[in-house]
Amino acid sequence: MDYNFREIEPRWRKYWAEHKTYRATEDPSRPKYYVLDMFPYPSGAGLHVGHPLGYIASDIYARYMRHRGYNVLHPMGYDAYGLPAEQYAIQTGTHPALTTARNIERYREQLDKLGFSYDWDREVQTCDPAYYQWTQWTFIRLFHSWYDTSLDKARPLEELEAIFRVSGAQGARAFHTCVWDFTAADWNGLNENGRQELLMHFRLAYLADTWVNWCPALGTVLANDEVKDGFSERGGHPVERKRMKQWSLRITAYAQRLLDGLDRIDWSDSIKEMQRNWIGRSEGATVMFSIEGHEEKIEVFTTRPDTLFGATFMVLAPEHELVARITAPEQREEVERYASWARNRSERERMAEVKQVSGVFTGAYGINPLNGEALPVWIADYVLAGYGTGAIMAVPGHDSRDFSFARHFGLPIRQVVVAPGDQPTDPAGWEDSYDSKEGKMVNSGMLDGMDVKAAIRATIEYLEDRQLGTGRVNYRLRDAIFSRQRYWGEPFPVYYKDGMPYTLPEDQLPLELPPVDKYLPTESGDPPLARAKNWHTPEGYPLETNTMPGFAGSSGYYLRYMDPRNTQAYFSPEANAYWRNVDLYIGGDEHATGHLLYSRFWNKFLYDLGLVCEDEPFRKLINQGKIQGRSSFVYRISGTNTFVSRNLRNDHETQALHVDINMVHNDELDLEAFRQWRPEFSTAGFILEDGKYLCGYEVEKMSKSKHNVQSPDELVERYGADTLRLYEMFLGPLTDHKPWDTNGIEGVFRFMKKLWRLFHDEAGFSVADGDPTEAELKVLHKTIKKVSEDIERFSFNTVVSTLMICVNELGDLRCRKRTILEPLVVLLSPYAPHIAEELWQKLGHSSSVTGAVFPTYDEALLQEASFEYPVSFNGKLRFKLNLPVDMPVPAIEEAVRTAPQAGKWLEGLSIRKIIVVPGKIINVVVS
RNA sequence: GCCCGGAUGGUGGAAUGGUAGACACGAGGGACUUAAAAUCCCUUGGCCUCGCGGCUGUGUGGGUUCGAGUCCCACUCCGGGUACCA
């Protein structure tokens, strides 16, 4: 009786759907476990074999935890807002909601075929008003919150206003961007608009003029993580810097907590490192420099206050607000020319010309607060307006950028740090600056002789005592720009009154996305929502026309899964108290500095509000590796229609052409299929080797144009979902990137057939009762042990190998015993759930294998009476010696000494030592 | 430039200081079959050898250790992140 997956698999998928086998309900009597996949953006291309890799892994773990008695939450949904559907809408006029719904349907069909144990009753779609109502709601809460740096948490804005009424800006330690140190009287004297304007500097969601990444081709701004090398991550269009009024989230208030939280979560070091670098904490000091002949002061941030005596000039960013005020009349023309050149340069030009030194002297001089020295003030684009204070003190002796600037413009270089063991030298002869923090101070007044670290502390203390500066921590992290000039996103629950933004009352949510006649900006350059009819409140106030970015809907979706149909709240406190946070999160590492950072911020904010009970959303994170394509090539002899086989191609001048991988099996080209592929190949000639045409191959990204896309559907059709699931795991470690190669799937399919034959003979199902032999028990328990250990370290590829070995060995033993085969079915069920259900039922069970208890192994059954010791001489394996496992070490040594095979290796040598590791190895040291 | 990974047969990979190459794919040989499919058996890192067996071997060069693919140092190459971040 043959293994017929085509009959088995659909039947069990129907059973699971009908019986709601994987529905999760809160049950305080059982421990919870929350397994989550990063939900997909449903693209028009559908799934390729790379997508389900992580889904299969998480599904295996979810099923495993169910067998272990956990109440498992394993939901799935769709990150449904996104640019491709909108670009398609612009081209065709089709509403993105239609395209998205169609794509979701296709995704669902594909996902369903793979036998995942999702609780589909909890599905969410970010573009569904019932979902984005809570995205909008969270935005409103952010808008009405401020960050208290003394309590280190977000608080309601009313509380801040109450403080302002009584004690002004001094009354609160608030994270803000307000330059005015106003009093209570100032505050109380302000009108409504004045107060709103001031509060904008404190809100966690705020509207402000900021430098943004503007992408003209997409017609929208982008967040920093959506830009790669000066191009948009989606679409690869050029990005410019532009100053625009935009919504932002004050994620910078959470910089330190986002950094600290990393130490408490189980994520890969590489992702944590990426987040640490992105947050970019640096410790140093701000120092105030007065300016000769001006009232203003230049504030500088430096991580090396110890080198203050080595400063020989200062540099402002070209956009720095003081530039216009301090520039000397004779330098004005040149400075303005440089500033406007720098401003108009695209981000890409600037990045491409990083090594080119440029700058202009302003004619002004800053005063070194330590020694009163006058330092010429320059502007240069190597100083960035957005980092620190946008101004630096230049220490060319100990900073390589300042060094090359000084060399280029002939500015003085002074040594203030000497490397350990070295003597001071003349910087004129240096090839580079000495940037290391190892060394002793020289030419630095009261700092002389101190080592760098002590000098940093001493300088900060000195500056603080005299109110010339303060110690300060600076972060590279920028606030997240939260508005997009696009149609297909969440509308902001915001209207404008006297030019000031106000949020809609919560009972008016969701504010639904309105229909528009076109998905393009208006003639006046306003976003598409400006085309909507009646886009205003009932009172006639205009509504916001920007929409939210892609990460808005994905930042809190894991919370909504806990209570997805709640119409009164984001989620109930009870549901959150039970499911708490995600225990295992699997997804791609491309979200390291985007989604994974925004989600942590979102969660911490809701934690501050007391809405969620855990301050980190994802306890354990695993990044599955990418599956790369394996492209096949044919070699056409130049100028002909003749193709030469791989190993003969060097005899000719050839061009390599991608061929569809479906026409290639084990690198052999199906000539007939190739001739029919395209008309121009119908008359193609071939030069064969050994009667075959062998294709070349290369590992590349999976893409349509390379003809190397493998869809899971074809493989499910041919081998079944269980085989595909096993094979994707068998390919290699989950976290590794690896090329897709269909060749190996036959081996897994053979395994499935062998497994089937353990339970069946020609006539049909055939399993015997009766006591198992010692050998059979040993095979089973050895397998249980290895499978359990490997699954706990997410080593799914070795689990599949172990199951193969088990089936091979039971086959050799002709074992058909129920007591052996039944636990095997449970071991297998997380990986190949359909066949497991089928066999489980045939074994006489009336309920799903999902509820079966995961088997445990008995150590006693694994004990061997003897062990075949590998015996090495000076580390080289020479022979094996079978000895009882309980033989004491001295007896083993004696056995080795007297073993007949040993004589050959001892001839003319004496034994210095015998190392015995019981149960492992024997090593004889001779000389 | 800086930070983080990685390098093992023809291929994917296994081996958490203790028998390198498990498990598969591919390849070669054989059995069964009218034939094919399916299935089963044998061989398969390299070199020397009829064989027994030996030598060699985890990117390169050193080191630690009775013993290193695994730990340490230096380097090469590949992949990813980031980049005038003061």
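Every chain is numbered from 1, with letters handed out A, B, ... down the list of sequences.
As rounded to the nearest Å, B:rC41 and B:rG79 have C1' atoms that lie 42 Å from one another. Going from the P atom of B:rC55 to that of B:rC4 covers 41 Å, rounded to whole Å. Only the P atoms considered, B:rC72 is 31 Å distant from B:rC23, to the nearest whole Å.
Contact annotation for A:I915: base contact, defined as any heavy-atom pair under 4.0 Å involving a base atom. Using a 4.0 Å heavy-atom distance criterion, A:D589 is classed as making no nucleic acid contact.
Open room surrounds CD on A:E762; 12 or fewer heavy atoms of other groups in view lie less than 6.0 Å from it. The environment of A:D432 atom CG is dense: over 12 non-hydrogen atoms of other residues, nucleotides or ligands sit within 6.0 angstrom.
Residue pairs satisfying the salt bridge (charged side-chain N to carboxylate O under 4.0 Å, His left out) criterion with at least one member in residues 733-753 of chain A, sequence neighbours excluded, are listed as follows: A:R630-A:D741.
The pairing partner recorded for B:rG69 is none, the criterion being a Watson-Crick or G-U wobble arrangement whose two distances lie under 3.5 angstrom. In a base pair of the Watson-Crick type (N1 to N3 plus N6-O4 or O6-N4) or a G-U wobble (N1-O2 and O6-N3), with each distance short of 3.5 Å, B:rG5 is matched with B:rC78. Checking B:rC52 for Watson-Crick or G-U wobble geometry (two distances, each under 3.5 Å) identifies no partner in any strand.
When distances run from any side-chain atom of A:N797 to the nucleotides B:rA14, B:rU19, B:rG18, the shortest one goes to B:rA14.
A syn base is found at B:rG9: its glycosidic angle is within 90° of 0.
Toward the 5' end of RNA chain B, the nearer of the two residues A:V383 and A:G732, judged by each one's closest nucleotide, is A:G732.
Annotation: side-chain hydrogen bond (donor to acceptor under 3.5 Å, both in side chains) contacts of A:R649 (sequence neighbours excluded): none.
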